[in-house]
Structures are given as structure tokens and as C-alpha cells.
Amino acid sequence: MTERNVPINKGNYSMDTQERESLFEQSRGDGWEKEYAEYRRNWSEYPKQQKVSDYPLLVDVELSSLCNLHCPMCYTITDEFKEQVNVTRMDWELYRKIIDEIGGKVTAIRLSLRGEATLHPQFIEAITYAKDHGIKEVSTLTHGGKLTLPYFRQMVEAGIDWITISIDGVGKTYERIRKPLKFDDVLDKIKAIKRYKEEHSLRRPVIKVQGIWPAIAESGSDTYYNTFSPYADLVAFNPLIDYLSNDTHIEYLNEFTCPQQYQRLVIGADGLVMKCSNDEENREVIGDIRKETVHQVWHGEKMQAVRDIQLQSRGFMDSAVCRKCYLPRKTEDEAAQVGERTFIVKNYVHRIQLIGK
């Protein structure tokens, strides 16, 4: 039997030390260590075994597909995205419907996908509602523009477990990409969060800072890491992917099988369910949570068809979404350093390393 190539957690990598990575994981699982270990084990093993659990391990709940930035490498600025996606905020009753069903059955939710989740007026309430209904880990991805100390305090009181802040480079590099945000302002926010956590002896929420690799390289990997490591729990990076669907020459892994259909279900702000977290333009919708349950979609014919095609040799090539995705793409290693410590950047083959290209 041909061995499948099932990449787990491809596309986001730590530039941190092993000690800090371990501490980050310990903090994530603090207070529910046994369940957390099982959750992380299943995250890796279910895709390799093609095991379909009763409910997904993680549900992405896109509170907002709106964003108030216009970053040059982001697909949300393209005409295709604006034509295909209902750019909106999730209806509160729809959110409650989701959590009412999955509470106590799904381990984790992520309150973000394509837009800026903190633009939802009930973002804090959404965290509280999920935690009150038994969701073990509530996380979000944010550009950090709204992370003032009073707002962060509300997030902590609501029970947020993990916040990832996207920060592309430092200084002028950051400000060129993340207009109209200012670098010193976002750094001051992270410093204030660190002080608050120390003053209140908080291990969670864990704070992860991440950026796209070309912006970090432009700023200097030492500068980037040394700027954020004193204040964040983990510093990470993303190799530049084909956000804007410009690439025509793509090389693929042999016997690739996507892991996502055994890990997570992705619900857009309008209730439409995408087959994966990388279908940014709703090109392969597999359900509608306004009319169906999470369980029905997860075990439905459309999701099963996605799983079936992935198990065929090069079956992913039959999907326009998969052909453009970074997960099946081959990578090439670039060695980078922080001080005397070397880490590897896995750039995608034939992917131009220019932001906005």
C-alpha cells in the first residue's frame, strides 16, 4: 500500500527555542493536561489514519469576514474575493446555534478566518458563551489594532485561551504592510499585555506573534525575534504563500493527502461551510449551518466526497482549491539564524518572495 504524504501543521513554523516551545504547549494545556495531550495526539493521528471522529476536533467560526486593513499580500483585497464572499459579521443567533450544538463535543474553536474577528460587536460575549458551554480552547487571530489593555482585560475575563497576533516585520516594514497601524503602538500593546499577565500570574492566554517570512527577513531575523520574544510566549513565521493566486508553475508533493477533513470544520460568517480553511473564496461550499447542523455537515455526502477524492492518487488535482493550495506544494529549505541558533524556512518551490506578488 502506498504511503500517504499527510503534512500536519504545515505553513506555520516556530523560530523559537525548544524550551520556549515546550513551555508554550504546557501553558496551552494547563489545567486540562490529559485532555489536551489527547487532543493534540488526535490532531496528528486522525488524518494519518483517515479516522472521522463524531465531531471535528476544531471548528473555525468566522465571526467577521470584514477587515479594516488592506495588506498588499492579502486575498481579501482582490476582486475575486469581493465577488465570491458575502463580507459580513456573523449573526449572533447563528453563533449561539453553533455553540449550543458543539459545546462539550468539540475541543477547540477559533474565532477567526479571513477577516478581523475583533470587529464583531459581540466578540467578547462570543468568548464567554463558548467557555460557558464547555469549549476547552478558544483562540483567535488578530492584527492587534484593538488590543488595548482594557480590551485585553475583557478577553481574559471572558476566558480567551490563545491569541495570535500577525506582525509582519518591524518599524517601517511593518507600517508599509499593515497600514494604518503603527509599529510602536502595537509593540506597546504587547508589552502591556505581558505586564498584565505577570502581575496576575497568568499562563493563559498564550500570546503568539507571527509574521510572513519576507517581512521578517527584511527587518532581520535577530531584530524581529529579539523585539518580541521578551513579551510573547512564542515567535513564529509563515513562508510566503500564493495569497493572490498568481503562480502558474507549481510543483507538488508525491501522494499528498490533506489532513484538514479529519481535523476541522470551517464555518464562514454567513453560515456557509467551506471544505477547508484554505478555500478563501467559497469555491467549494459543502454545507450551510443556517439550515444544517455541524454534525450533519461533518458526516454529509459533500464532506465525504472531499475525503474520498483526497485518498485517490493525485486526487487533489481535481479540485481548483487544492491545486492552488500551499499544503500539497513542494518546499525548499532556507537556513536562517537567530544569534547562533539556526532554524529552517520551508519556502514553496517557484514562489516569488516579494510581498504583494
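Nothing here was measured: the structure is a model prediction, and the numbers come from that model. Sequence positions, counted from 1, serve as the residue numbers for this chain.
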Between Tyr13 and Phe343, is the gap from one ring center to the other below 6.0 Å?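 No.
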Aromatic centroids of Trp162 and Phe24 separated by under 6.0 Å: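 Yes.
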Find the distance between CD (Gln210) and CG (Asn238) and round it off to the nearest 0.5 Å.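 Between atom CD of Gln210 and atom CG of Asn238 there are 4.5 Å.
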As an exercise, state the distance from NE2 of His299 to OG of Ser53, rounded to the nearest 0.5 Å.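 Between His299 NE2 and Ser53 OG, I get 7.0 Å after rounding to 0.5 Å.
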Are Leu111 and Leu272 grouped together when hydrophobic residues (ILVMFWY) are joined by side-chain heavy atoms under 4.5 angstrom apart?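 No; Leu272 is not reachable from Leu111 via cluster members.
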[X] (side chain) donor-acceptor with [Y] (main chain) under 3.5 angstrom:
| X | Y | value |
| --- | --- | --- |
| Gln310 | Cys258 | yes |
| Glu255 | Asn5 | no |
| His143 | Gly145 | yes |
| Lys182 | Val186 | no |
| Gln261 | Met303 | no |
| Arg114 | Glu280 | yes |
| Glu218 | Pro214 | no |
| Arg264 | Cys276 | no |
| Asp60 | Leu113 | no |
| Asn42 | Glu38 | yes |

Is the NZ or CZ atom of Arg307 both under 6.0 Å from the centre of the six-membered ring of Trp298 and within 45° of that ring's axis?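 Pair Arg307/Trp298 counts as cation-pi.
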Please say whether the positively charged group of Arg341, taken as NZ for Lys or CZ for Arg, lies over the ring of Tyr225, i.e. under 6.0 angstrom from the six-membered ring centre and within 45 degrees of the axis.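 Relative to the ring axis of Tyr225, which defines the angle, Arg341 lies inside both limits.
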Determine the interplanar angle of the Trp92 and His120 rings, folded into 0 to 90°, and report it as parallel if under 30°, tilted if 30 to 60°, perpendicular if over 60°.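 It falls in the tilted class, 30° to 60°.
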Hey, mind stepping through Thr331 and Lys10 against side-chain hydrogen bond (donor to acceptor under 3.5 Å, both in side chains) and telling me if it holds? CA-CA 10 Å; Thr331 60; Lys10 181 177 181 178; 5.5 Å; no
Residue that, paired with Asp161, satisfies salt bridge (Lys or Arg N to Asp or Glu O under 4.0 Å) out of Lys131, Arg28, Lys136: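 Of all the options given, the one that passes is Lys131.
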Please name the residue in the list Lys324, Arg329, Arg323 that meets the salt bridge (Lys or Arg N to Asp or Glu O under 4.0 Å) test with Asp247.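 Answer after filtering Lys324, Arg329, Arg323: Arg329.
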Yes or no on ring-ring contact (aromatic ring centres under 6.0 Å, His included) for Tyr224 and Phe237, after CA distance, side-chain angles and deciding distance? CA-CA 10 Å; Tyr224 188 85; Phe237 66 94; 9.3 Å; no
Counting only heavy atoms not in [X], do more than 12 sit closer than 6.0 Å to its [atom1] atom?
| X | atom1 | answer |
| --- | --- | --- |
| Glu93 | CD | yes |
| Gln18 | CD | no |
| Lys97 | NZ | yes |

I'd like to know whether Asp308 forms a side-chain hydrogen bond (donor to acceptor under 3.5 Å, both in side chains) with Gln304, so could you lay out the CA-CA distance, the side-chain angles of the two residues, the decisive distance to 0.1 Å, and finally the verdict. CA-CA 6 Å; Asp308 291 343; Gln304 190 55 49; 2.9 Å; yes
Do [X] and [Y] sit within salt-bridge range, that is, some charged N less than 4.0 Å from a carboxylate O?
| X | Y | result |
| --- | --- | --- |
| Asp233 | Lys197 | yes |
| Arg178 | Asp168 | yes |
| Lys51 | Glu45 | no |

Indicate the atoms forming the closest heavy-atom contact of Ser221 with Val338, along with that distance.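 Closest heavy-atom pair between Ser221 and Val338: O-CG2, 4.0 Å.
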